[in-house]
Amino acid sequence: MQTPTHWLIANWKMNGTAQGVREYINAIGPAVATLPEAAAFVYCPPAIYLPVADEALGANTRIALGAQDCHAKPSGAHTGEHSALMLKDSGCRYVIVGHSERRIAGETDEQVGAKAAAALEAGLTPVICVGETLAAYEAGDTNAVLNRQCAALSALDLTRCLIAYEPVWAIGTGKTPTPEEIAAVHRHLKTVLGSTVAVLYGGSVNAGNAREILALSEVSGALVGGAGLTLHGMEPIIAALRDL
Ligand code: PGA
């Protein structure tokens, strides 16, 4: 299989049912099949539904499965947690780490780095989220925040990771940075992390803005929350990627 140049990742967060997961996979399959080989589609349902999703996918290799988080340790007394190996065992190829909704709940930069390292060790591709809060954005501190978050990633082989730039203030709000701002931040991240690192954009990506955002040469795809919950919301974003 060709190494992708672009990724579209649907993060379902804490939404859906087993039946909804099956229906989504069946509904979105034909649209995903129209994507070129260089575009990967990653579906991240709640962890409990990964086996349901894996079974529903059957022989469909165009949709890859991802998890929304993993623990940094391979096993042990960590009630309620899932190791990266467990996720791999359940059919995952990707795992989101450091999502702002987890950072807000207390996850540190170091923990995010350790989770990404555990994902790589297990053979998963970590999707490492970084991004500034509204206060940091308004104070002009975006790059400083990103530099701090990226410093915890220095030991990782970033050629095997994906970075998702997700301004916290753009997540689920309908607000997005301008295309120029997105391009500038992605260029900054590539300066800090390496020019070949794939950087995706996330935060209120939808039918109305996907074409403009995905067309930016600095952007290697999108991490989609709300709009990715339904075929109706995701199909125009898939079409935008297909038509690049
Ligand atoms: P959103 O979420 O598309 O609903 O803004 C994106 C995310 O949290 O990854």
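Since this is a predicted model, take the numbers as computed values, not measurements. Just follow the structure's listing: the first ligand is 1, and inside any ligand the first atom is 1.
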Between D69 and H82: side-chain donor-acceptor atoms closer than 3.5 Å: no
Is any NZ, NE, NH1 or NH2 atom of the basic residue among K73 and E81 found under 4.0 Å from an Asp or Glu carboxylate oxygen of the other? no
Over all atoms of both residues, closest heavy-atom pair of K190 and E218: CE-O, 3.6 Å
Within residues 148-170 or reaching into it, pairs that qualify as salt bridge (charged side-chain N to carboxylate O under 4.0 Å, His left out) - sequence neighbours excluded: D109-R148
Should we say atom CD of E181 is surrounded by more than 12 heavy atoms from elsewhere, each under 6.0 Å from it? yes
Please confirm whether W12 and Y24 have ring centers closer than 6.0 angstrom. yes
Heavy-atom contacts under 4.0 Å to ligand 1, chain-then-number order, include exactly N11, K13, H99, E166, A170, I171, G172, G203, S204, L223, V224, G225, G226
